[in-house]
Amino acid sequence: MPLRLYNTLSGQKEEFRPLVPGQVGMYVCGVTVYDYCHLGHARANIVFDVVYRYLQYAGYRVTYVRNYTDVDDKIINRANERGISSQELAETFIRAFDEDMAALGLATPTHQPKATEFIPQIIALVEKLIARGLAYESAGDVYYSVDKFAGYLKLSKRTMEEMQAGARIAPGEQKRNPMDFALWKAAKPGEPSWASPWGAGRPGWHIECSAMSSTLLGDSFDIHGGGRDLIFPHHENEIAQSEGASGQPFVRYWLHNGFVNVNQEKMSKSLGNFFTIRDILDKYDAEVVRFFILTAHYRSPIDFADQQLDEAGQALARCYEALDQAGRVSAATGDGAVPAELAEAVGRLAELDSRFREAMDDDFNTAQAIGHLFEGVRALNRLLAADSPDLAGTIAAGRETLLRLGEVLGLFRSVPADWLNRQAQRRLAASGLDAAAIEALINERQAARKERNFKRADEIRDILVEKGVLLLDGPEGTSWKLK
RNA sequence: GGCCCCGUCGCCAAGUGGUAAGGCAGAGGUCUGCAAAACCUCCAUCACCAGUUCAAAUCUGGUCGGGGCCUCCA
């Protein structure tokens, strides 16, 4: 079954046919580096990380470009507030972004260009747009003349009339049409600037992406991604710039991820209801965050709530428990015979890869793919419960499959026992309980059990249960975990 | 105001014409001295109304409810 993906441009799912068979060029709008990233950035980047991983798993050679926009009004303003240079500010937050993405387990893109490294290409692009009559200079600024580009608003599917209401001309701007947008801004005192044919200045917002994508991927490429909120104006303007300059179709497939909501409302800086990635990773395991994000389809909104993250942690633990158990099964010694009642479970595991691909081929339906992984986990647990040496080979193969598919989603990448242990530590720290005191009670209970004083043993269990501590009696003694 | 999206079990969430995946929580059972984990069994007719169709959660119209975009934003 071919890969199908939802193209914002056409408004429907389409079969994916890359420009060059077997290869994919993909550009994702990164961040404007003026602050720490929030959960919304985490979602966008995780979603496209999975797209990147899956395309590779499906056999494509992928060139993945994710940019840093490191020159912009917001950066300049923030830098001025802090009394540092915008370059210094940008570098600080580029570093922070890199750390956050690494913490979330993202694969590194093929290229991570910075806008300020592409100033010559940006200037050349603006010159080309002027030469083609699509842009005009006005008092040191250069604006894109949107009514000269026939395809304008084809991505956001609006009309100029609909947009006019919200269009504004900011003080100091010399636009012919309120909808025109700046390609180049004349330098004001104290701003970073570069020499250009129109005097000292700096790029406008959208142009850097057109310049970087065409340089690194060509005038036409396969996939362009970003958050929904970038559809207008950012991506619309990119299309106008890139297609206006090259005369070629810019992007074949536009992919946009949905928002992260908090209490049913969009999380955004203007509403002040955002959580930074750092805030979240302080409280939750990075893989739990990734898992949570991938349990919803990428185009749907997701509502962030503690309860959801806790449940995601429980669910992920179920996977790691099974992987841990499966990893402990010693090498096959039997003849590999499968009892009839386990044939279904074995079949599940055998089909897992194709089911997973089927889900992912349907517009990267990670929610469904994860559903299949859980069926795999159950099947694996069934085989483990049978406790038969004959099944060791099958269990090992099933475990390998789960790990391989998990890797495509960026999941199951820890040593299971380590992950489970880390979770336990994290919860213990959060609970404020004293591990030594718990251990002491466990020792007392062990002594009681030895004397077959089950009354006292159960009392101790009850005491600990009340504190949220569960005792686990195993062949190698008693361990414990938090409820 | 214009345009658009959504409303599926207690919670989360797939499914977009052929009779409801999965996770969490819950109930019963197996296992266990007792527990936990695991396994087995059970647990929804898809906001409402009216249509189209042999057949609708899935299509059409309407009602109610929630959200987004139109301005910087993943």
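In what follows, chains carry the letters A, B, and so on, assigned in the order in which the sequence lines appear, proteins first and then strands, with residues in each chain numbered from 1.
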Exercise for the section: Looking at every strand, decide which applies to Leu230(A) at a 4.0 Å heavy-atom threshold: base, sugar-phosphate, or nothing. Expected result: sugar-phosphate

Practice task
Could you let me know what U60(B) is paired to, Watson-Crick or G-U wobble, both distances under 3.5 Å, or none if it's on its own?
Solution key: A50(B)

Handout entry: Side-chain N or O of Arg158(A) closer than 4.0 Å to phosphate OP1/OP2 of C4(B)
Key = no

Problem - Nearest-Å distance for atom pair CG/P, residues Asp310(A) and G10(B) - result: 21 Å

Fill in the blank from the handout: Applying the 3.5 Å cut-off to both distances, the Watson-Crick or G-U partner of C42(B) turns out to be G26(B)

Practice task
Determine the interatomic distance between P on G10(B) and the same-named atom on C5(B); round to the nearest Å.
Solution key: 28 Å

Exercise for the section: Have a look at Arg228(A) and say if it touches a base, only the backbone sugar-phosphate, or nothing, with a 4.0 Å heavy-atom cut-off. Expected result: nothing

Problem - Gln308(A) vs C24(B): side-chain N/O to OP1/OP2 distance below 4.0 Å - result: no

Practice task
Give one of base, sugar-phosphate or nothing for Gly40(A), where a contact means two heavy atoms less than 4.0 Å apart.
Solution key: base

Practice task
For nucleotides C43(B) and G28(B), find the distance between their C1' atoms and express it as a whole number of Å.
Solution key: 11 Å

Handout entry: Interface with RNA chain B, restricted to residues 289-305 of chain A and to heavy atoms under 4.0 Å
Key = Thr295(A), Ala296(A), His297(A), Ser300(A)

Handout entry: Presence of donor-acceptor pair under 3.5 Å, side chain of Arg43(A) and base of A74(B)
Key = no

Problem - A13(B) and C4(B), which share atom name C1', separated by this distance in whole Å - result: 23 Å

Practice task
In whole angstrom, give me the gap between the C1' atoms of G22(B) and U63(B).
Solution key: 33 Å

Practice task
Determine the Euclidean distance between corresponding P atoms of A56(B) and G51(B); express it in Å to zero decimal places.
Solution key: 13 Å

Problem - Complementary nucleotide of C34(B), counting Watson-Crick and G-U pairs under 3.5 Å - result: none

Exercise for the section: Could you walk me through whether Glu321(A) and Arg318(A) pass the salt bridge (Lys or Arg N to Asp or Glu O under 4.0 Å) test, one step at a time? Expected result: CA-CA 5 Å; Glu321(A) 294 272 10; Arg318(A) 178 173 161 83; over 6 Å; no

Practice task
Say whether His234(A) and Glu238(A), considering side chains only, have a donor N or O and an acceptor N or O under 3.5 Å apart.
Solution key: yes

Handout entry: Polar side-chain contact Asn365(A)-G15(B) base: donor and acceptor under 3.5 Å
Key = no

Practice task
Answer yes or no: does atom CG of Asp387(A) have more than 12 heavy-atom neighbours from other residues, nucleotides or ligands under 6.0 Å?
Solution key: no

Practice task
Return the nearest nucleotide to the side chain of Asn381(A); candidates are C34(B), C69(B), C39(B).
Solution key: C39(B)

Exercise for the section: Under 4.0 Å between any heavy atoms, over every strand shown, what does Val260(A) touch: base, sugar-phosphate, or nothing? Just pick one. Expected result: base

Problem - Candidates A14(B), A74(B), G23(B) - which lies nearest the side chain of Ala367(A) - result: A14(B)

Problem - Side-chain donor/acceptor contact of Glu375(A) with base of G22(B) under 3.5 Å - result: no

Problem - Charged N-O contact under 4.0 Å between Asp49(A) and Arg66(A) - result: no

Exercise for the section: Determine whether more than 12 heavy atoms belonging to other residues, nucleotides or ligands lie under 6.0 Å from atom CZ of Arg228(A). Expected result: no

Practice task
Please figure out whether Asp72(A) or Phe374(A) has its closest RNA chain B nucleotide nearer the 5' end.
Solution key: Phe374(A)

Completion exercise
Judged by nearest nucleotide, the residue sitting upstream toward the 5' end of RNA chain B, Gln368(A) or Ala457(A), is Gln368(A)

Problem - Check: Arg452(A) side chain, G33(B) base, donor-acceptor under 3.5 Å - result: no

Practice task
Provide, to the nearest angstrom, the distance between the NZ atom belonging to Lys467(A) and the P atom belonging to A36(B).
Solution key: 20 Å

Practice task
Using a strict 4.0 Å threshold on nitrogen-to-oxygen distance, state whether Asp418(A) and Arg422(A) make a salt bridge.
Solution key: no

Practice task
Would you check if the side chain of Asp70(A) reaches a backbone N or O of Ala115(A) as a donor-acceptor pair within less than 3.5 Å?
Solution key: yes

Handout entry: Side-chain donor/acceptor of Arg348(A) to base of G22(B), under 3.5 Å
Key = no

Exercise for the section: Whole angstrom is fine here: how far is it from CG in Leu409(A) over to C1' in G23(B)? Expected result: 15 Å

Problem - Integer angstrom distance from the P of U45(B) to that of A57(B) - result: 12 Å

Exercise for the section: Looking at every strand, decide which applies to Arg445(A) at a 4.0 Å heavy-atom threshold: base, sugar-phosphate, or nothing. Expected result: base

Problem - Candidates A74(B), A37(B), C34(B) - which lies nearest the side chain of Glu321(A) - result: A37(B)

Exercise for the section: State whether Arg318(A) places a side-chain N or O below 4.0 Å from either non-bridging phosphate oxygen (OP1 or OP2) of C39(B). Expected result: yes

Fill in the blank from the handout: Out of C11(B), C34(B), A74(B), minimum distance to the side chain of Arg461(A) belongs to C34(B)

Problem - Donor/acceptor link under 3.5 angstrom from Arg382(A) side chain onto base of C39(B) - result: no

Handout entry: Between G2(B) and C59(B) - P atom distance, rounded Å
Key = 24 Å

Fill in the blank from the handout: Any strand, both distances under 3.5 Å, Watson-Crick or G-U wobble: C72(B) pairs with none

Problem - Base-pairing mate for U16(B) - Watson-Crick or G-U, with both contacts under 3.5 Å - result: none

Exercise for the section: Return yes if a side-chain donor-acceptor contact under 3.5 Å exists between Asp324(A) and Trp419(A), otherwise no. Expected result: no

Handout entry: Side chain Asp473(A) and base C34(B) donor-acceptor under 3.5 Å
Key = yes

Exercise for the section: Tell me what Gly474(A) touches on the nucleic acid: a base, only sugar-phosphate, or nothing, going by heavy atoms under 4.0 Å. Expected result: nothing

Problem - Ring-ring centroid check Phe93(A) Tyr36(A), cutoff 6.0 Å - result: yes

Exercise for the section: Inspect the contact between Arg382(A) and Glu341(A) and indicate whether a charged nitrogen and a carboxylate oxygen are less than 4.0 angstrom apart. Expected result: no

Completion exercise
Pairing partner of G65(B), by Watson-Crick or G-U wobble and under 3.5 Å for both distances, is C6(B)

Handout entry: Short side-chain N/O contact to C69(B) OP1/OP2 from Lys266(A), under 4.0 Å
Key = yes

Exercise for the section: Provide, to the nearest angstrom, the distance between the CG atom belonging to Asp458(A) and the P atom belonging to A35(B). Expected result: 8 Å

Practice task
Return the nearest nucleotide to the side chain of Met267(A); candidates are A74(B), A37(B), A35(B).
Solution key: A74(B)

Exercise for the section: Show the numbers, then the answer: is there a salt bridge (Lys or Arg N to Asp or Glu O under 4.0 Å) between Asp73(A) and Lys188(A)? Expected result: CA-CA 11 Å; Asp73(A) 289 357; Lys188(A) 298 191 197 100; over 6 Å; no

Problem - Interatomic distance at C1', C6(B) relative to U41(B), whole Å - result: 35 Å

